[in-house]
Amino acid sequence: MKMRGNWPGPITLRRGWSLATARPWNDESPNAHLRVIRGTGDFLRDAALAIPIKGGSVLSPPLAAGSTSMWEQAGFQPHLVLDMFQRDLLARQAAPAIPVVTGEEAEWARAAEIDRAAFESLWRLGTAGLKEALAATPTSSFLTVRSDTGETTGFAIVGAGSSTGYLQRVAVDPAHTRQGYGRALVRASLGWARSRGCRTMLLNTQPDNEPAGRLYEDEGFTRVVAGLVIWSLNRQGET
Ligand SMILES: CC(C)(COP(=O)(O)OP(=O)(O)OC[C@H]1O[C@@H](n2cnc3c(N)ncnc32)[C@H](O)[C@@H]1OP(=O)(O)O)[C@@H](O)C(=O)NCCC(=O)NCCS
């Protein structure tokens with residue numbers, strides 16, 4: 001297994017034709033996130049065991065029901081269930097009631113702070129994870145909302161493939177929730193994806209996230225029954 005990069009920075013794992021990438025799950029857990037670009041279950045298992053974490057678990061990206069066999073073969077087990085939401089972008093949609101702007105470079109630190117405050121530890125992305133979310137699609141945008149005093153109160157990361165938009169992240173500072181910022185960010189993200197020719201918007205979130213679920217359903221999303229699962233390989237107890 002050839003490893004390139006310096007952990008805890010992102011690394012690539014390569015054996016012959018097989019290729020995977022890994023990074024810490026976030027800034028505060030011992031877990032790693034593994035993504036396979038190409039390879040078999042055997043490669044996947046060896047790659048998961050080669051990541052230089054001390055304890056913790058190796059976690060997969062959210063996987064749809066039909067794409068788990070390789071992970072199962074590699075010894076991973078279902079770990080966390082996510083609900084997927086979908087919205088037709090050709091259906092009528094309202095404009096944001098609060099201005100949403102393209103975020104500035106200087107706002108990333110504040111976005112990471114909001115992300116930390118808005119999500120419980122397992123789901124925090126950290127700065128590297130936020131940047132990865134931005135880079136996950138061919139085109140993407142970092143959108144922000146600001147208070148009357150100019151403070152950044154929330155952000156969204158939205159991306160586009162050829163005909164599908166992905167709402168990768170929405171978070172509002174807990175000190176500023178319930179003031180319409182989240183709804184404005186969702187609407188602006190829908191508008192952004194539609195203006196890039198996308199016909200559908202997808203996102204996923206934890207099934208018990210009621211504020212987000214209500215907001216998405218209110219903005220025309222429907223919950224897709226066959227959701228997504230993050231699989232894990234436990235590396236605790238290793239010496
Ligand atoms: C979900 C989130 C983005 C909503 O942001 P917000 O600025 O508070 O949302 P808004 O003020 O625009 O509220 C829009 C609607 O969302 C729903 N909602 C928001 N907070 C809610 C809560 N605590 N309980 C129930 N519904 C809620 C309501 O339907 C609300 O409409 P209403 O105020 O007219 O009843 C915010 O709570 C947040 O950042 N949560 C943590 C991060 C997260 O879960 N992100 C999304 C998952 S990836």
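All ligand and atom numbering here is 1-based and tracks the order in the structure. Computed from a predicted model, the values in this text were never measured in an experiment.
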Exercise for the section: Please check if the side chain of Arg187 supplies one atom and the backbone of Ala95 the other of a donor-acceptor pair under 3.5 Å. Expected result: yes
Handout entry: Interfacing atoms of ligand 1 (cut-off 4.0 Å, heavy-atom, Tyr216)
Key = 46 (C), 47 (C), 48 (S)
Practice task
Ignoring hydrogens, tell whether any protein atom lies closer than 4.0 Å to atom 13 (O) of ligand 1; use the non-hydrogen atoms only.
Solution key: no
Completion exercise
heavy-atom search around atom 44 (O) of ligand 1 in the protein gives Asn209 ND2, 2.6 Å
Handout entry: Test of ring centre spacing under 6.0 Å for Trp108 and Phe155
Key = no
Practice task
Specify the protein heavy atom at minimum distance from atom 47 (C) of ligand 1: its residue, its atom name, and the distance to 0.1 Å.
Solution key: Thr205 OG1, 3.4 Å
Handout entry: NZ/NE/NH1/NH2 to OD/OE distance under 4.0 Å, Arg183 and Asp218
Key = yes
Handout entry: Ion pair Arg199/Asp88, N-O distance below 4.0 Å
Key = no
Problem - Lys131 and Glu105 ion-paired at < 4.0 Å - result: yes
Practice task
Provide, to 0.1 Å, the distance between atom 16 (O) of ligand 1 and the closest protein heavy atom, together with that atom's residue and name.
Solution key: Leu215 CB, 3.3 Å
Fill in the blank from the handout: Quick note on ligand 1: atoms under 4.0 Å from a heavy atom of Gln179 include exactly 11 (O)
Exercise for the section: Could you tell me whether some N/O pair between Gly180 and ligand 1 is separated by less than 3.5 angstrom? Expected result: yes
Handout entry: hydrophobic_cluster_shared for Leu130 and Leu185, side chain cutoff 4.5 Å
Key = no
Problem - Where ligand 1 meets Ala171 - atom numbers and elements under 4.0 angstrom, heavy-atom basis - result: 39 (O)
Exercise for the section: From the options Arg169, Arg183, Gln206, select the one whose nearest heavy atom is closest to atom 15 (C) of ligand 1. Expected result: Arg183
Problem - Pair Glu132 + Arg35: basic N to acidic O under 4.0 Å - result: yes
Completion exercise
Minimal heavy-atom distance between Asp115 and Leu125, with the atoms involved, is OD2-N, 3.0 Å
Problem - With Glu107, the side-chain contact (heavy atoms from CB on, under 4.5 Å) member among Thr102, Ile114, Thr152 - result: Thr152
Exercise for the section: Establish whether atom 2 (C) of ligand 1 and some protein heavy atom are separated by less than 4.0 angstrom. Expected result: no
Handout entry: Backbone or side-chain N or O of Val170 under 3.5 Å from ligand 1 N or O
Key = yes
Problem - Region of Trp123 that comes within reach of ligand 1 [heavy atoms, distance under 4.0 Å] - result: neither
Practice task
Consider every N or O of Arg214 and every N or O of ligand 1, then say whether any pair is closer than 3.5 Å.
Solution key: no
Handout entry: Sub-4.0 Å protein heavy atom near atom 40 (N) of ligand 1
Key = no
Exercise for the section: May I ask you to check if ligand 1 and Val172 share an N or O to N or O distance below 3.5 Å? Expected result: yes
Problem - Minimum-distance protein heavy atom relative to atom 17 (C) of ligand 1 - result: Pro211 O, 3.6 Å
Problem - Ionic contact status for Glu28 with Arg124, cut-off 4.0 Å - result: yes
Handout entry: Hydrophobic cluster identity match, Leu89 and Leu215, side-chain contacts under 4.5 Å
Key = yes
Completion exercise
min-distance protein heavy atom vs atom 33 (O) of ligand 1 -> Arg178 NE, 3.1 Å
Handout entry: Pair Arg146 + Glu151, salt bridge at N-O below 4.0 Å
Key = no
Problem - Protein contact to atom 36 (C) of ligand 1 [nearest heavy atom, distance to 0.1 Å] - result: Thr177 CG2, 4.2 Å
Exercise for the section: Specify the protein heavy atom at minimum distance from atom 7 (O) of ligand 1: its residue, its atom name, and the distance to 0.1 Å. Expected result: Gly182 N, 2.8 Å
Exercise for the section: Please indicate whether any nitrogen or oxygen in Ala118 is less than 3.5 Å from any nitrogen or oxygen in ligand 1. Expected result: no
Practice task
Determine whether Phe76 and Met70 fall in the same hydrophobic cluster, where Ile, Leu, Val, Met, Phe, Trp and Tyr are linked whenever their side-chain heavy atoms lie under 4.5 Å apart.
Solution key: yes
Practice task
Provide, to 0.1 Å, the distance between atom 42 (C) of ligand 1 and the closest protein heavy atom, together with that atom's residue and name.
Solution key: Phe119 CZ, 3.4 Å
